[in-house]
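Reading through the structure tokens given below for one structure.
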There are 2 protein chains.
Amino acid sequence: MKTKVVIVDDHSLFNDGLSLILKESGDYEILAQIYDSRKAYNECNTLLPQLILVDYNMPFLDGLTLVKQLRTLVHRSKIVVISMYADRREIEAFKAYEIEGYLSKTSPSAEILLSLEKIIKGENVFQVKQEQKTSFEKDFFSLKKLLTKREVEILKALKKGYTSEQVAQELCLSYYTVETHRKNINQKLKFNSKKEFYEFLNTIELEEK
Amino acid sequence: MKTKVVIVDDHSLFNDGLSLILKESGDYEILAQIYDSRKAYNECNTLLPQLILVDYNMPFLDGLTLVKQLRTLVHRSKIVVISMYADRREIEAFKAYEIEGYLSKTSPSAEILLSLEKIIKGENVFQVKQEQKTSFEKDFFSLKKLLTKREVEILKALKKGYTSEQVAQELCLSYYTVETHRKNINQKLKFNSKKEFYEFLNTIELEEK
DNA sequence: CAAAAAATACCTGTATTCAGGTATTTTAAT
DNA sequence: ATTAAAATACCTGAATACAGGTATTTTTTG
């Protein structure tokens, strides 16, 4: 049984090359090669890959933010980040989203294949020493499962560029209510900065398809 | 008759991927894949390839310096630089060494193959980045005219999710200075909401190298 | 060199967001 | 029908951002 893979990398040559390498090994089926990270969320939502390979450096939507989004999917894919530079701090940033692997583009491809094999079998592989292992498994959530209907409505209004005050007017609510909802949203999604929140807000698809 | 190629790129995955892509096309014979640019000169001196593909960003010996070296070889190979970011100024720097092509890693591999074909036939091909344009990126050129160097630096730091206070620390500035810069940026770009500012921040490509 | 542009820094007041609460009512689920 | 979840609303203090200034120094440029 071949492992179903989606590759997300804006560098087409690399994307295609990696795709070929995986195909050649005979163990992988490439469901999609995505060149624009902004499309990854929706693609993975329908394709349901077992493994998602994500580049770290991408325009518009960087690897970290993308991984955060992908983790809100109901379907739990294994996520492996492939970075140009194997940086410890970079890895730390990803720890929160409990990715299954972090590999470097500078590694020989044989090594990459070996690492991926291990990851498929359930191991986690971090090319730079993993010093602190997470003691408990967090529950992974679907955005829609985690957020309530009202909270999604609040997000939709915020997507229009409204302040909490304006959202309150729009939805005929008290300012305090809106703030409460935002507070709960922030708690659930654990944003580390305003930038992250707005990045999420700008890229997430809230309308039903 | 297959074209004899040497690939120089420290990113093994990319190197191997490109190698596979070329082999698959049936038109190329890979004489060597070199992962350490410092070895490229001697290798090419003995292998005498018709075509040398060189990555731009490499440790120890960058693409530009390597090309300079390779041009001192008696054997005249066609040299094509493959870069992450197709920047006009980068290309200019290479023009002095009369390379035959300059391609971007973001181009579809079919396009790369087509370009290489042309180059083999004697043409020179210089690809300048084809941008997927967002509303803001269209105006990026004028944006750079509008914003000062420091202001762009501030934006870059903000892109990391920093607050003004953190940006000040990062750049060894006063908090007030950072706020002044932000104020000027906001005045120049006339954002109507925080959402708009962060949308801009998240979508704009500030690195240009 | 003189003028303009850029970078630096400070001040004040206001607006907005965030994070910690508490608490009641409405709705959904067992 | 009872319980749990969701939605509502309020309070407060702190952090951050925004908008209006002023003002000095440094750098660039004609």
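Heavy-atom basis, side chains included; hydrogens, waters and symmetry copies ignored. Worth saying up front: this structure is predicted, and the values here are computed from it rather than measured.
- The salt bridge (Lys or Arg N to Asp or Glu O under 4.0 Å) check on Glu151(B) picks up Lys188(B), with sequence neighbours excluded.
- In this structure, Phe14(B) and Phe14(A) have parallel ring planes: the angle between them is below the 30° cut-off, well short of the 60° mark.
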Identify the pairs formed between an N or O of the protein and an N or O of nucleotides 10-16 of chain D at a distance under 3.5 Å, and give each distance.
residue : atom : partner   : partner atom : Å
dC10(D) : OP2  : Ser174(A) : OG           : 2.8
dC10(D) : N4   : Thr180(A) : OG1          : 3.0

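- In this structure, Phe191(B) atom CZ and dT16(C) atom C1' are separated by 18 Å, rounded to whole Å.
- Look at CD on Gln187(A): it is 10 Å from C1' on dC18(C), rounded to the nearest Å.
- The stretch residues 71-80 of chain B participates, sequence neighbours left out, in these salt bridge (Lys or Arg N to Asp or Glu O under 4.0 Å) pairs: Arg71(B)-Glu100(B), Arg76(B)-Glu100(B).
- Remark: Lys194(B) pairs with no residue by the side-chain hydrogen bond (donor to acceptor under 3.5 Å, both in side chains) rule, at least two apart or across chains.
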### Task
Summarise how protein sits on nucleotides 25-30 of chain D as a single string, 5' to 3': B when a protein heavy atom is under 4.0 Å from the base, S for sugar-phosphate-only contact, - for no contact.
------

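- Contact annotation: His181(B) does not reach the phosphate of dA7(C) (side-chain N/O to OP1 or OP2, under 4.0 Å).
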Can you give the donor-acceptor pairs under 3.5 Å from side chains of residues 112-126 of chain B to other protein atoms, not counting sequence neighbours?
residue   : atom : partner   : partner atom : Å
Ser115(B) : OG   : Glu111(B) : O            : 2.9
Ser115(B) : OG   : Gln127(B) : NE2          : 3.3

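- Residues passing the side-chain hydrogen bond (donor to acceptor under 3.5 Å, both in side chains) test with Gln33(A) are Asn15(A), Asp16(A), Ser19(A), Tyr35(A), sequence neighbours excluded.
- Take Tyr175(B) and apply the side chain to side chain contact (heavy atoms under 4.5 Å, CB included) test, not counting sequence neighbours, and it matches Ser164(B), Glu165(B), Glu179(B).
- Looking at residues two or more places apart in sequence or on another chain, you find a salt bridge (Lys or Arg N to Asp or Glu O under 4.0 Å) between Asp55(B) and Lys105(B).
- In this pair, Phe191(A) and Phe200(A) present their aromatic rings tilted. The plane angle is within the 30 to 60° band.
- In this structure, the CD1 atom of Ile185(B) is 13 Å from the C1' atom of dA17(D), given to the nearest Å.
- A search for salt bridge (Lys or Arg N to Asp or Glu O under 4.0 Å) contacts involving Lys160(B) returns Glu170(B), not counting sequence neighbours.
- In this structure, Glu196(A) places its CD atom 12 Å from P of dC18(C), rounding to the nearest Å.
- As a whole-Å value, the separation of Lys188(A) NZ from dA7(D) C1' is 11 Å.
- For the helix from dC1(C)-dG30(D) to dT30(C)-dA1(D), the terminal axes (five pairs an end, C1' atoms, rotation from four pairs onto the next four) enclose an angle of 60°, given to 10 degrees.
- Atom CD of Glu179(B) and atom P of dA15(C) are 16 Å apart (whole Å).
- Look at CZ on Phe197(B): it is 15 Å from C1' on dT16(C), rounded to the nearest Å.
- Residue Arg150(B) is the one, among Arg150(B) and Asn186(A), whose nearest nucleotide of DNA chain C lies closer to the 5' end (criterion: closest heavy atom).
- Checked against salt bridge (Lys or Arg N to Asp or Glu O under 4.0 Å), Arg150(A) has the following partners two or more places apart in sequence or in another chain: Glu153(A).
- The CG atom of Asn192(A) sits 10 Å away from the P atom of dA19(C) (whole-angstrom rounding).
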